[in-house]
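Each remark here refers to the structure printed beneath this line.
All heavy atoms count here, side chains included; hydrogens, waters and symmetry mates do not.
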Amino acid sequence: MNRAASAKAPRVKGWCPGAHRPMASGDGLVVRVRPQMSRLDRTQACRLAELAIGYGNGVIDLTSRGNLQIRGVDEDRHGALLEALMDAGLLDATAEDEARRNILTTPFWGQDGLTENLYPRIVAGLRALPDLPAKMGIVFDTGAQPLLSLASGDFRFERGAQTALILRADGAVTGMEISPDTALSALADLAQWFVDSGGDQTGRMRRHLERNALPDGFQGHAPRRTGTTPQPGPCPEGYLLGAGFGAVDARGLIGLFADDAVAGLRCTPWRLFLLEGASKVVTDSFVTKPGAHILNVHACPGAPLCEQGETETRALAEALATRMPKGQSLHVSGCAKGCAHAGPADVTLVGADGKFDLVRHGAAWDEPFARGLSIDDVFKELTQ
């Protein structure tokens, strides 16, 4: 039996919100900002926080693609918010440019200039790429240690195990050797192959490779071994802070920049953000030390904040966080889209007509182990 037997199928819109093209939700418009190189300088970070307070609900969402979202924006104030974002240097010139610049960048760049050299070359050539599905994205996993292999992306720039730089199609074991000078042409060739081999406007590279053989010319060079996911605490670039469910308190964020040594903010896909230049952080708004249970739990805003959510999510996720066995991951999703975590978790709870379906070792859209659980049933099932 498929999920439709127990709950209505979620509406998959096939595109992600932007700033020019926001997405309507239960609490207003969702306005997504895509920072260049996944970074804001201190002035931009503080300004974005002020705009989240002035135009939204005072919380900034840190997404699984390292973007930042203002929620709860009134439709009649969207134009004024766009002007403010443009003045702050946080907005692409057009909606088309914004949509094409769907890029996640490692927060750990700056060691040898590779990422800083590569990023502007690719951005400058995005308009020359063939038309691709709106959700397809690029990953720059070009820090000294690759860390983004599990993050959502379709075209992956990575350091090779035996060569300086490779471009790898998501889902392929190996990639092609490139240089910064050849990176854009290689990306264009791989994107054109995707289109010519039947990639449609709702597809993703990994699924495409399940039914289409990748030409040998795009393979052959292995990436470096992926490192472990970072944890809150000091790092060479500054200090990593955690935000439960990726919800960044805007006022708390402004407070962090009272330290003049903090030069900027870098976003990550792990519900962590990096404060450049910080050596010590004192805050009650964010997670400052490793091992916090809340960072092992994924949960979307759920109902009523999301119009597709069929249940509330975060109160349950927070209540379960400390009850999950050590090392086990939990995903509580308001519907079967699974927006908060695009992959499997040890335990996934999916909203279904006010109750929950339980998926074990799978994603929100997978076949449930049990259906129609009340909150009491969930606690009995998971904590007995």
Side-chain angles (χ1 to χ4, degrees), residues 14 37-38 64-66 99-106 108-109 111-229 269 342-344 363:
M37 287 186 65
S38 299
S64 61
R65 288 186 175 180
R100 284 181 174 268
R101 194 173 58 79
N102 191 12
I103 300 174
L104 171 63
T105 307
T106 176
F108 303 113
W109 48 263
Q111 303 90 350
D112 58 6
L114 175 61
T115 307
E116 301 95 304
N117 183 6
L118 186 61
Y119 185 94
R121 292 170 182 253
I122 298 303
V123 170
L126 289 177
R127 286 191 177 188
L129 298 181
D131 288 336
L132 295 167
K135 283 185 173 288
M136 292 193 85
I138 299 168
V139 175
F140 287 91
D141 199 3
T142 43
Q145 177 70 62
L147 295 169
L148 302 176
S149 63
L150 298 180
S152 178
D154 301 271
F155 305 94
R156 298 180 175 275
F157 291 101
E158 301 167 322
R159 293 181 186 259
Q162 303 297 328
T163 190
L165 183 64
I166 66 172
L167 171 62
R168 182 170 64 88
D170 188 48
V173 175
T174 61
M176 62 185 299
E177 182 178 7
I178 60 170
S179 71
D181 290 336
T182 63
L184 180 60
S185 61
L187 175 63
D189 289 344
L190 182 55
Q192 192 63 56
W193 171 82
F194 174 86
V195 172
D196 291 345
S197 56
D200 60 36
Q201 287 302 305
T202 60
R204 299 294 300 273
M205 181 65 79
R206 180 175 289 270
R207 291 198 295 269
H208 190 65
L209 293 186
E210 291 174 356
R211 56 184 185 274
N212 295 277
L214 186 67
D216 291 342
F218 295 117
Q219 303 182 74
H221 295 272
R224 289 187 187 179
R225 185 185 298 272
T226 300
T228 58
T229 301

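- The CG atom of Leu187 lies 9.5 Å from the CG atom of Leu118; values are rounded to the nearest 0.5 Å.
- Here the straight-line distance linking atom CZ of Arg207 with atom CG of Asp170 works out to 10.5 Å at 0.5 Å rounding.
- Under the 4.0 Å criterion applied to side-chain N and carboxylate O atoms, Asp154 and Lys135 are not assigned as salt-bridge partners.
- The heavy-atom pair separating Ala188 from Leu129 by the smallest distance is CA-CD2, 3.6 Å.
- Across all non-hydrogen atoms, the minimal contact from Ala144 to Gln111 is N-NE2, 3.8 Å.
- Classification of the Phe140-Phe157 ring pair by plane angle, with boundaries at 30° and 60°, yields parallel.
- In this structure, CD1 in Ile166 is found 11.0 Å from CD in Gln219, a value given to the nearest 0.5 Å.
- Looking only at side-chain heavy atoms (C-beta outward), Pro133 and Phe194 come within less than 4.5 Å of each other.
- Between Thr106 and Gln145, every side-chain heavy-atom pair lies at or beyond the 4.5 Å cut-off.
- For the pairing with Thr163, the side chain to side chain contact (heavy atoms under 4.5 Å, CB included) check across Met176, Arg224, His221 returns one residue only, His221.
- Leu214 has its side chain within reach of Trp193: a pair of non-hydrogen atoms, C-beta onward, lies under 4.5 Å apart.
- In this structure, the separation between CG on Leu184 and CG on Asp189 is 9.5 Å, given to the nearest 0.5 Å.
- In this structure, CG in Leu167 is found 12.0 Å from CD in Glu177, a value given to the nearest 0.5 Å.
- By the 4.0 Å N-to-carboxylate-O rule, Asp112 lies close enough to Arg159 to be salt-bridged with it.
- Between Ile178 atom CD1 and Glu158 atom CD the span is 10.0 Å, to the nearest 0.5 Å.
- Note on Arg100 versus Asp131: salt bridge recorded, some NZ/NE/NH1/NH2 to OD/OE distance being below 4.0 Å.
- Among all heavy-atom pairs drawn from Ile138 and Leu126, the shortest one is CD1-CD2, 3.9 Å.
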